[in-house]
Amino acid sequence: MSAETSAAPGQFTHRRLQFRAWRGGRPFWAGLYMLFGGVPIMYFPYAHLQFGHLSLAMATTAGAGSLIIGVLLVVLGISIWFQKHIRVFAGVAAILLGLVSIPVSNFGGFIIGFLFALIGGAMAVSWAPGAPAAEDAKDTGPATAASESNDLSGTSPANGANRRHSAG
C-alpha cells in the first residue's frame with residue numbers, strides 16, 4: 001500500500017451518505033441557522049474591532065444578557081439536532097430569543113443574529129418528519145393506501161367511533 005492510497009476506499013462516500021441520512025431525519029438546517037444566529041449575538045458585545053489605528057470597542061452594559069441569549073441559541077440549535085421531538089419548543093424559544101436580542105444585544109447582533117435566529121426558529125417550528133420509506137412497493141397500492149387511516153385517536157368519522165353517526 002502506497003502513501004497515496006487511502007486505507008478504506010469508499011469510506012468517505014460511506015460517511016457522507018451516512019451523514020446525509022442522519023441530516024435528513026431531523027431539522028438540521030434549522031439548528032444550523034439557530035447556531036449561526038447565536039454566534040454574532042454573543043460575539044459583538046465583547047468585540048474590539050480594529051480599523052487601521054482606530055479601535056472600536058462595542059462593550060455594552062448588557063454583555064451578560066447577550067452572552068446568555070447567544071449561548072441559549074447555540075444550545076437550542078444543537079439540541080434539536082439530537083432531540084428532534086423538541087423542535088416546536090426550540091423554534092418558539094429561538095424566535096423569542098431573537099426578538100429579545102434586538103434591545104439587549106446591539107440590535108440583535110447588528111440584525112445578522114436576529115435574522116438567523118428568526119429564520120432558524122421558523123424552520124424548526126415548520127419542520128415535520130417525513131413518511132418512512134415503504135418496505136415493499138406491492139403494499140402501498142392505491143387500494144390499501146385509501147383504506148388505511150392515519151388517525152390513531154379512534155375518533156375518525158370513517159370508523160364511526162366519534163359518536164357523530166348515532167342518533168342518541
Side-chain angles (χ1 to χ4, degrees), residues 12 14-49 56-135 139-140 144-164:
F12 176 74
H14 174 69
R15 295 288 183 197
R16 185 181 58 83
L17 292 175
Q18 192 176 19
F19 174 71
R20 187 176 181 186
W22 176 82
R23 185 188 71 197
R26 60 199 72 247
F28 176 79
W29 294 107
L32 194 66
Y33 272 77
M34 283 185 215
L35 196 124
F36 284 161
V39 170
I41 288 175
M42 68 179 158
Y43 172 75
F44 285 130
Y46 295 102
H48 295 285
L49 300 176
L56 179 63
M58 291 183 279
T60 63
T61 58
S66 301
L67 185 64
I68 290 170
I69 291 171
V71 167
L72 283 175
L73 281 170
V74 169
V75 167
L76 286 172
I78 292 173
S79 66
I80 66 169
W81 285 347
F82 299 106
Q83 297 179 357
K84 58 186 172 185
H85 61 277
I86 64 163
R87 63 181 169 78
V88 175
F89 167 75
V92 171
I95 291 171
L96 291 175
L97 286 170
L99 289 171
V100 167
S101 74
I102 290 176
V104 171
S105 172
N106 294 333
F107 297 109
F110 296 117
I111 308 296
I112 298 167
F114 164 71
L115 288 177
F116 273 120
L118 247 54
I119 292 170
M123 288 172 70
V125 169
S126 66
W127 183 84
E135 292 289 328
D139 294 337
T140 60
T144 59
S147 64
E148 293 180 9
S149 174
N150 289 337
D151 184 23
L152 299 177
S153 65
T155 59
S156 174
N159 62 11
N162 64 356
R163 307 269 185 227
R164 290 184 186 166

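Residue numbers count from 1 along this sequence. The figures here come from the full heavy-atom set of this structure, side chains too, leaving out hydrogens, waters and symmetry mates. For clarity, every value in this text was computed on a predicted model and none was experimentally measured.
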Heavy-atom pair of closest approach, residues [X] and [Y]:
{"X": "Leu76", "Y": "Ala93", "result": "CD1-CB, 3.6 Å"}
{"X": "Ser66", "Y": "Ser105", "result": "OG-CB, 3.0 Å"}
{"X": "Ala94", "Y": "Gly121", "result": "CB-CA, 4.0 Å"}
{"X": "Ala122", "Y": "Ile95", "result": "N-CD1, 3.9 Å"}
{"X": "Val125", "Y": "Val88", "result": "CG2-O, 4.0 Å"}
{"X": "Ser101", "Y": "Gly98", "result": "OG-O, 2.6 Å"}

*Identify, with sequence neighbours excluded, every residue that meets side-chain contact (heavy atoms from CB on, under 4.5 Å) alongside Leu96.*
Val92
*Which residues satisfy the side-chain contact (heavy atoms from CB on, under 4.5 Å) test with Leu32, sequence neighbours excluded?*
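So Leu32 forms a side-chain contact (heavy atoms from CB on, under 4.5 Å) with Phe28, Trp29, Phe36, Trp81.
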Could you tell me which residues satisfy ring-ring contact (aromatic ring centres under 6.0 Å, His included) with [X], sequence neighbours excluded, listed by chain and number?
{"X": "Trp127", "result": "none"}
{"X": "Phe114", "result": "none"}
{"X": "Trp22", "result": "Phe19, Phe82"}

*Where the side chain of Ser79 meets the backbone of Val75, is there a donor-acceptor pair that is under 3.5 Å apart?*
yes
*For Leu97 and Ile41, what are the C-alpha separation, side-chain angles and deciding distance, and is it a side chain to side chain contact (heavy atoms under 4.5 Å, CB included)?*
CA-CA 10 Å; Leu97 286 170; Ile41 288 175; over 6 Å; no
_As an exercise, state the distance from CG of Leu115 to OH of Tyr33, rounded to the nearest 0.5 Å._
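Between Leu115 CG and Tyr33 OH, I get 11.0 Å after rounding to 0.5 Å.
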*Once you round to the nearest 0.5 Å, how far does CG of Leu72 lie from CG of Leu67?*
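Here the interatomic distance stands at 9.5 Å.
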*Applying the side chain to side chain contact (heavy atoms under 4.5 Å, CB included) test to Ile80, which of Arg26, Met34, Met123 qualifies?*
Met34
*Could I get the full list of side chain to side chain donor-acceptor pair (under 3.5 Å) partners for Arg15, not counting sequence neighbours?*
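Result, side chain to side chain donor-acceptor pair (under 3.5 Å) vs Arg15: Gln18.
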